[in-house]
Amino acid sequence: NENSRSLTIAVTACQDKLEEMRNANFSALYTTYNGASFIPNGFTLGQAKGAISIDNSNPNLLRVFVSVSWRTRSNRVIGEDRNLNGVLDTGEDSNGNGRPDSPAAIMTLMSQR
């Protein structure tokens, strides 16, 4: 039950961050949000961290990744950000894709309106 509850909170935090980004100026999305981290709502301080990664290889269509990693009551970290600092450190990127993955992750495309 704890894992299901935490996953729901983490996915909601990803959705909230994407909504914030959708309301931001498109031309500033990459510089403002790429590589940024955030504290997800619904977790206690230090229990979770969100991370944002943006692929701007097509500057008119951004590929946005938002994820949240969190620590369980048994001190196990769910997600690749093992120290919950919002960035990938040495040894954390287990699949080599250059971004902190988690079961609570959303990828979307954003274009200028």
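Residue numbers run from 1 in the order of the sequence given. Basis for what follows: all heavy atoms, side chains included, without hydrogens, waters or symmetry-related copies.
Cluster membership check: V66 shares its hydrophobic cluster with I9, using side-chain heavy-atom separations under 4.5 Å among Ile, Leu, Val, Met, Phe, Trp and Tyr. Side-chain heavy atoms closer than 4.5 Å link hydrophobic residues (I, L, V, M, F, W, Y) into clusters, and following such links, possibly through other members, connects I106 to L62. Hydrophobic clustering keeps V77 apart from V11 (ILVMFWY residues linked when any side-chain heavy atoms are closer than 4.5 Å, directly or through intermediates).
Within the model, atoms CD of Q47 and CH2 of W70 stand 10.0 Å from one another, a figure rounded to the nearest 0.5 Å. Atom OG of S69 and atom CD of E92 lie 8.0 Å apart (nearest 0.5 Å). Atom CD1 of I52 sits about 6.5 Å away from atom CD1 of I54, to the nearest 0.5 Å. A distance of 8.0 Å separates CG in N3 from OG in S74, rounded to the nearest 0.5 Å. For the atom pair M107 CE and F65 CZ, the distance stands at 5.5 Å (nearest 0.5 Å). Within the model, atoms CE of M110 and OH of Y30 stand 15.0 Å from one another, a figure rounded to the nearest 0.5 Å.
For E2 (side chain) and R73 (main-chain N/O), a donor-acceptor pair under 3.5 Å exists by modelled atom type. The main-chain N or O of S94 is found under 3.5 Å from a side-chain atom of E80 such that the two form a donor-acceptor pair. With hydrogens and angles disregarded, no donor-acceptor distance shorter than 3.5 Å links the side chain of R71 to the backbone of A48. The backbone N or O of N1 sits nowhere less than 3.5 Å from a side-chain atom of S4 that would complete a donor-acceptor pair. Here the side chain of S67 pairs no donor or acceptor atom with the backbone of A104 at under 3.5 angstrom. The main-chain N or O of G79 is found under 3.5 Å from a side-chain atom of R82 such that the two form a donor-acceptor pair. Side-chain atoms of D81 come within 3.5 Å of backbone atoms of N85 as a donor-acceptor pair (strictly under, hydrogens ignored). Using a distance-only test at 3.5 Å, with no hydrogens or angles considered, no donor-acceptor pair links the side chain of Q112 to the main chain of F26.
G46 and L84 get closest at one heavy-atom pair: O-CD1, 3.7 Å. The two residues Y33 and A24 have their closest heavy-atom pair at CE1-CB, 4.1 Å. The two residues L61 and S111 have their closest heavy-atom pair at CD1-CB, 3.9 Å. Scanning both residues, S37 and K49, for their nearest heavy atoms gives OG-CE, 3.7 Å. Smallest separation of non-hydrogen atoms from S57 and P59: O-CD, 3.7 Å.
The side-chain heavy atoms of L7 and P103, taken from C-beta on, include a pair separated by under 4.5 Å. You'll find the side chain of D93 stays beyond 4.5 Å of the side chain of R99, heavy atoms only.
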For this session: With side chain to side chain contact (heavy atoms under 4.5 Å, CB included) as the test, would you mind laying out the steps for V64 and L109 before giving the verdict?
Result: CA-CA 6 Å; V64 179; L109 299 172; over 6 Å; no

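In summary, the side chains of N56 and N34 do not present any donor paired with an acceptor at a separation below 3.5 Å, with no hydrogens or angles considered.
Annotation: I39, atom CD1; neighbour count of heavy atoms from other residues, nucleotides and ligands within 6.0 Å does not exceed 12. Applying the 6.0 Å contact sphere to CG of N41 captures no more than 12 heavy atoms from other residues, nucleotides or ligands.
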Could you pull out all donor-acceptor pairs under 3.5 Å where a side-chain atom in residues 12-19 meets a protein atom, sequence neighbours excluded?
residue	atom	partner	partner atom	Å
T12	OG1	T8	O	2.9
K17	NZ	E20	OE1	3.1
K17	NZ	E20	OE2	3.4

